[in-house]
Amino acid sequence: MRPQSLFPLFAPVTSLPGVGPRLAPLYEKLAGGKVVDLLWHLPSGVIDRRFAPKVAEAPDGKVATLVLRVDAHFPSDSPKRPYRVRLADETGFLHLVFFHGREDWLRQQLPVGETRVVSGMVEHFNNEIQITHPDHIVPLSQRDEVMTVEPVYPLTAGLTGRLVTKSVKAALAKVPDLPEWQDPAWLARQHWPSWHQALEAVHAPADEYAAGQDTPARRRLAFDELLANQLALAMVRAQMRRLKGRPLTGDGRLRQKVLAALPFRLTGAQARSLGEIDADMAAPIRMLRLLQGDVGSGKTVVALLAMLSAVEHGAQAAMMAPTEILARQHFATIAPLAEAAGLRLALLTGRDKGKARERILAALAAGEVDILLGTHALFQEDVAFKDLALAVIDEQHRFGVHQRLELAAKGTAVDMLVMTATPIPRTLLLTAYGDMDVSRLDEKPPGRKPVDTRVVPLARLDEMAAAVGRAIAGGARVYWVCPLVEESETSDLAAAEERHRHLTELFGDRVGLVHGRMKPTAKDAVMERFAAGALDVLVATTVIEVGVDVPAATVMVIEHAERFGLAQLHQLRGRVGRGDKDSRCLLLYGHPLGEVAKARLEIMRATEDGFAIAEEDLRLRGGGEMLGTRQSGLPEFRLADLAIHGELLAAARDDAGLVLSRDPDLQSPRGESLRVLLYLFERDAAVRTLRSG
């Protein structure tokens, strides 16, 4: 149960004064629906209102706070003209300008003859000094309240800065005194404030520097968040370690046959990773290992050799892919090798219905299938194994942790091997996969040729189309990637449908189109025609990113490459260069090109090393956007930015490990306060594993 002290922070935002049912959805969109979400909604800058000149000295384009006497009102005689109010001090006049101003309200705020304190952006216009829609108009008695450094919060349509500032203040007033969860010696060494002081400080920055991400208060809060993340992962991992595994060792007879049937020898990285997997499977605890490898680094072969150990031991293995295309592709890769070893292989996807499906399920339950490949269909209740010992999950980020567990529940003490072709920087690995051991395939298989990558301005589109025509005439197959599905008024991007029309005019009906709005079966049909050689050009949105294997495809054109993230560009380029022919990747960019986009395209030109590219992506974009957090299943941080606070992550990991080695059930005084930290950052699931453990 969440500690009672945190109840006020987890109350809905409507518990704050002035936030009713009408504003609640706007707050939810901006920061979240609970009071605590406003504490994590940090200012992005400041406005300094302490500058208080006389009218004659008020410079153009600067925020100023002036003490003025109200002189006269000039109501508007037309809706197109603003309402003006003239104010003065001993040095001259200043006009306040209001578009669509309500006269009754303005006369009430600014009675003629009275003194008012006005703060806003000064403008010099037509030889007059004016402030349009001032930020503050208050009586002289409230001058000190206005002449401060004001935090500037990110906003959403419908919410003003003043409203959000008021709500954040109200949220801060609800913050309880919580026990210190950080190690006192570490706090002193870092010169960090207490949690409460840090929160107050980040919401009341004294200047631009104090609103930045590298202040002691901000680092303290970032570390709290990272510690909660690392502690939760370490607890889940410890729980996995406690669950009994079973030692799985094969005698190597099937593995020898498959190795003999392979047209190449394993790379050093494949052999090393396989050794790590074998050691895990032979141990009496459950394996939970991530196999990271660039597109085409040979993950499928490593997974197959691992599955053979389970089969040699007398058990079964399963491999799950996120899409039917990928599952069929794995099947096509593995089937000839399985045949050489006399393995019984089956494929189960959503497409299998009726009698055919029943036959597969019966054979599986009877132990007549050694390895089952499939999609989400493997989760279904009626899928029962005789003895599942190893589960392999491909493209981990498409599946949640709970799905991992569902598959594991289909056997007893199931070992887990998780694979991803998305290179993940070491820092992010810690935050997302800290509960796993990691193996890396950092070599390309022999015979793989480098992809010739060129960066070309979009203005040369016609030349590129002509070059594609020549490549097709020479027997090449071409991917042409566009960033959007259909023209939207706000976008000048060459949309996939428009590009498909254009290329069809040039190359006839051998141009196919796939995009995200198509039904999966329709998409698969087009992909299959392309793979079979019935189409020469495949125009696509990024749906072709993961795992599509067409060795005959040798040209990749990416339009508006500057709009893609590095990880995405790298994944797309990995679709070519899979056969023995020379391959090219053309990155077409539009003007103007920003600094980050320029750097991104330069890296793509310079290297094909996915891990180097991923580290660079993190540096350029920061952790939140890396890989597009939402679709990659990586945690989103509210206070920590891994590009800035990356080194704190390792410290958080070490601290979490130390705490759990001394106090695995968090029963000590510090352990109790760390439980509060886990609840504060909504890592409740980790606390529950303590109970269930």
Chemist: Taking S583 for the side chain and G577 for the main chain, is one N or O donor matched with an acceptor at less than 3.5 Å?
Modeler: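 Confirmed, S583 side chain pairs with G577 backbone.
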
Chemist: Tell me whether D370 is salt-bridged to R344, with the criterion being a basic N under 4.0 Å from an acidic carboxylate O.
Modeler: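 Yes, charged N to carboxylate O under 4.0 Å.
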
Chemist: For the residue pair V418 and R289, establish whether any side-chain heavy-atom pair is separated by less than 4.5 Å.
Modeler: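 No, every pair of side-chain atoms sits at 4.5 Å or beyond.
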
Chemist: So does D251 pair up with R253, basic N to acidic O under 4.0 Å?
Modeler: yes

Chemist: What I'd like to find out is whether the side chain of L305 reaches to under 4.5 Å of the side chain of I277, using heavy atoms alone.
Modeler: no

Chemist: Sub-3.5 Å donor-acceptor pair from the side chain of D280 to the main-chain atoms of M287, do we have one?
Modeler: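 No; zero donor-acceptor contacts below 3.5 Å.
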
Chemist: Is the shortest side-chain heavy-atom distance between L373 and I334 below 4.5 Å?
Modeler: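 A side-chain contact under 4.5 Å exists here.
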
Chemist: Look at the side chain of H313 and the backbone N and O of T249, then say whether any donor-acceptor pair between them is shorter than 3.5 Å.
Modeler: yes

Chemist: Looking at side-chain heavy atoms only, is the closest gap between V414 and L390 below 4.5 Å?
Modeler: no

Chemist: Please work out whether the ring planes of W195 and W40 are parallel, tilted or perpendicular, with thresholds of 30° and 60°.
Modeler: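 Because their plane-to-plane angle is over 60°, the rings of W195 and W40 count as perpendicular.
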
Chemist: Taking all non-hydrogen atoms of both residues, which atom of H330 and which atom of A321 are closest, and how far apart?
Modeler: CD2-CB, 4.0 Å

Chemist: If you measure from CD on E608 to CD1 on I603, what distance do you get to the nearest 0.5 Å?
Modeler: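 Going from the CD atom of E608 to the CD1 atom of I603 covers 14.5 Å.
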
Chemist: Which atoms form the tightest heavy-atom contact between M604 and I613, and what is the distance?
Modeler: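 M604 and I613 have their closest heavy atoms at SD-CD1, 4.2 Å.
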
Chemist: Got a salt bridge between R218 and D641, using NZ or NE/NH1/NH2 to carboxylate O under 4.0 Å?
Modeler: no

Chemist: I'd like to know if R605 and D452 make a salt bridge, using a cut-off of under 4.0 Å between side-chain N and carboxylate O.
Modeler: no

Chemist: Could you check whether any side-chain heavy atom of H570 comes within less than 4.5 Å of a side-chain heavy atom of R573, counting everything from C-beta outward?
Modeler: yes

Chemist: Short question: side chain of Q190, backbone of W192 - any donor-acceptor pair under 3.5 Å?
Modeler: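 It does not hold such a pair.
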
Chemist: Any side-chain to backbone donor/acceptor pair from E276 onto S439? Under 3.5 Å, distance only.
Modeler: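 No, E276 side chain to S439 backbone: no donor-acceptor pair under 3.5 Å.
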
Chemist: What I'd like to find out is whether the side chain of R575 reaches to under 4.5 Å of the side chain of V481, using heavy atoms alone.
Modeler: no

Chemist: Do side-chain atoms of R265 reach the backbone of L259 as a donor and acceptor pair under 3.5 angstrom?
Modeler: no

Chemist: Would you say that L372 contacts F385 through its side chain, given a criterion of any heavy-atom pair below 4.5 Å between the two side chains?
Modeler: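 Yes; the side chains approach each other to less than 4.5 Å.
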
Chemist: So, the side chain of K410 versus the backbone of V383: is there a donor-acceptor pair under 3.5 Å, distance only?
Modeler: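 Answer holds: yes.
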
Chemist: Quick one: does any side-chain atom of Q316 pair with a main-chain N or O of V369 as donor and acceptor, under 3.5 Å?
Modeler: yes

Chemist: Under the 3.5 angstrom rule, does the side chain of R255 hit a backbone N or O of L308 as a donor-acceptor pair?
Modeler: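 No; zero donor-acceptor contacts below 3.5 Å.
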
Chemist: Got a salt bridge between E324 and R351, using NZ or NE/NH1/NH2 to carboxylate O under 4.0 Å?
Modeler: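 Between R351 and E324 there is a salt bridge, with a charged N closer than 4.0 Å to a carboxylate O.
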
Chemist: If you measure from the Lys or Arg side-chain nitrogens to the Asp or Glu carboxylate oxygens, is any gap between E225 and R219 under 4.0 Å?
Modeler: no

Chemist: Taking the side chain as everything from C-beta on, heavy atoms only, tell me whether T323 gets closer than 4.5 Å to D524.
Modeler: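 No, every pair of side-chain atoms sits at 4.5 Å or beyond.
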
Chemist: Run the salt-bridge test on R359 and D352 with the 4.0 Å N-O cut-off and return the result as yes or no.
Modeler: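 Here R359 does not pair with D352 in a salt bridge, since their nearest N and O are not under 4.0 Å apart.
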
Chemist: Answer yes or no: is there a donor N or O on one side and an acceptor on the other, between the side chain of K523 and the main chain of V514, under 3.5 Å?
Modeler: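 Not at all, since once roles are kept as given, no pair shorter than 3.5 Å links the two residues.
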
Chemist: Between R440 and S273, do the side chains contain an N or O donor and an N or O acceptor separated by less than 3.5 Å?
Modeler: no

Chemist: Would you say that more than 12 heavy atoms from the other residues, nucleotides or ligands in this model lie under 6.0 Å from the CD of E339, or not?
Modeler: no

Chemist: For L345 and A338, work out which heavy atoms get closest and say how close.
Modeler: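 Heavy atoms of L345 and A338 come nearest at CD2-CB, 4.0 Å.
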
